Amino acid sequence: MIIHTIKELRELVKGWRKEGYSIGLVPTMGALHAGHRSLIEKSVEKCDKTVVSVFVNPIQFCPGEDLDKYPRTLDEDEELVNDVGADVVFAPSPKEMYGEGHILSNDFLTYVIPPYFYVDKLCGKSRVGHFDGVCTVVNKLFNIVQPDFAFFGEKDRQQLIILKKMVKDLNIPVEIIACPIVREKSGLALSSRNKYLTEDQKNDALALSKILFNIKACYNKGINDVSALSETAYSYLNSNHSLEYLEFRDCNDLDEKKTADDDTIVFIALKIGNVRLIDNIKLGL
């Protein structure tokens, strides 16, 4: 079942609440793949009812990014959601989410602004305002659905950490469930943006996971010097790669690590052609 309006979804959820059902929310921007499927499966397993939102959120795209060409595959998304056994797809329009005229600027629209310390690094450094848009739309979805649990993938680990901080600071009564990265057999992390890659570019994209897996292997052998671990990355890069960052951060607050330990997450972002890809790995168990 697809619902397009906030009013209709709230009425449905109200009925679920009266029946005492637990509710899970899986927020997505659509173009669903096996990674999303794993999130939905976890929600269906844990909760009585599951809502999957499909909304390409305009306020988390920065100028020059791929908002207009971002893949929109609602029919296929609904088929996947039904196949997994979730209960409803919530697919609102920007007008439905942000109002008549929807002037999508914080001059006119109330935004949720996460802490600068969490944002001014990694993806937030080059995508100014991105996490404001993410926190705003997720907070709205939490208010609309009022889920008991919300499921997010660890591939967007900075986002996951920021959303956990938002929920804690704003006393939002939802438990965020972190779900492992789903990878192709090659090691490439699944992403909706992988659809933009040619076969040759997809081969080049394997550098992300190879770099991360090698760094973890070196750490497991006893190397914890961040500079030494970083140096191992360059043998995997070629002229088709544009490395944006390779950083070692704390798994709880994204503080920079001078020496790697089990609480360290290695974050990487690089561009292949016009496609920007991210990945990460935790060094400890």
Side-chain angles (χ1 to χ4, degrees), residues 35 60-66 113-135 152-165 178 180-181 183 187-194 196-197 201-219 223-284:
Q60 70 185 67
F61 287 79
C62 302
E65 292 189 340
D66 57 346
I113 311 297
Y116 186 74
F117 179 82
Y118 286 70
V119 169
D120 187 37
K121 56 196 67 173
L122 304 171
C123 289
K125 202 155 191 174
S126 62
R127 305 185 72 192
V128 177
H130 167 70
F131 288 113
D132 299 353
V134 169
C135 287
F152 294 89
E154 290 180 339
K155 187 179 78 69
D156 297 301
R157 183 94 68 156
Q158 184 179 13
Q159 170 182 285
L160 177 64
I161 292 169
I162 288 171
L163 290 175
K164 284 184 174 181
K165 175 69 171 168
I181 297 172
R183 300 180 181 276
L188 180 65
L190 295 183
S191 167
S192 298
R193 287 187 169 93
N194 289 353
Y196 299 154
L197 299 170
Q201 288 175 328
K202 205 169 183 181
N203 189 58
D204 284 327
L206 297 180
L208 288 95
S209 56
K210 287 179 179 178
I211 287 169
L212 295 177
F213 293 157
N214 185 59
I215 286 173
K216 182 159 186 171
C218 291
Y219 173 75
I223 301 172
N224 61 5
D225 180 76
V226 165
S227 296
L229 290 170
S230 297
E231 284 296 320
T232 66
Y234 294 101
S235 63
Y236 294 96
L237 300 175
N238 60 43
S239 60
N240 296 326
H241 299 120
S242 177
L243 182 65
E244 182 177 312
Y245 62 72
L246 176 67
E247 298 188 22
F248 294 68
R249 298 279 175 175
D250 184 83
C251 66
N252 296 305
D253 63 7
L254 296 175
D255 198 13
E256 185 176 7
K257 289 284 192 178
K258 302 296 184 183
T259 302
D261 58 27
D262 285 356
D263 289 330
T264 300
I265 299 173
V266 188
F267 292 87
I268 188 171
L270 59 79
K271 265 191 167 184
I272 301 168
N274 293 320
V275 184
R276 182 180 182 275
L277 300 173
I278 62 172
D279 203 346
N280 70 82
I281 198 166
K282 191 171 187 287
L283 295 184

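When reading the values below, keep in mind they use all heavy atoms of this one structure, side chains included, and skip hydrogens, waters and symmetry mates. Everything numeric in this text was worked out from a predicted model, so none of it was measured.
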Quiz prompt | Exceeds 12 heavy-atom contacts within 6.0 angstrom, atom CG of Asn274 | solution = no

Quiz item: In terms of side-chain geometry, is the basic nitrogen of Lys282 or Glu154 positioned less than 4.0 Å from the acidic oxygen of its partner?
Solution: no

Quiz item: Taking 4.0 angstrom as the limit, do Lys121 and Glu247 come out as a salt bridge?
Solution: no

How many angstroms lie between [atom1] in [X] and [atom2] in [Y], if you round to the nearest 0.5 Å?
| X | Y | atom1 | atom2 | answer |
| --- | --- | --- | --- | --- |
| Asp253 | Ile162 | CG | CD1 | 11.5 Å |
| Ile161 | Arg249 | CD1 | CZ | 10.5 Å |
| Arg276 | Ser191 | CZ | OG | 10.5 Å |
| Ile278 | Gln159 | CD1 | CD | 8.0 Å |
| Ser230 | Asp225 | OG | CG | 8.5 Å |
| Lys210 | Thr232 | NZ | OG1 | 14.0 Å |

State whether the side chain of [X] and the backbone N or O of [Y] hold a donor-acceptor pair below 3.5 Å, judged by distance alone.
| X | Y | answer |
| --- | --- | --- |
| Asn280 | Lys155 | yes |
| His241 | Asp204 | yes |
| Gln158 | Tyr118 | yes |
| Asp261 | Gly284 | no |

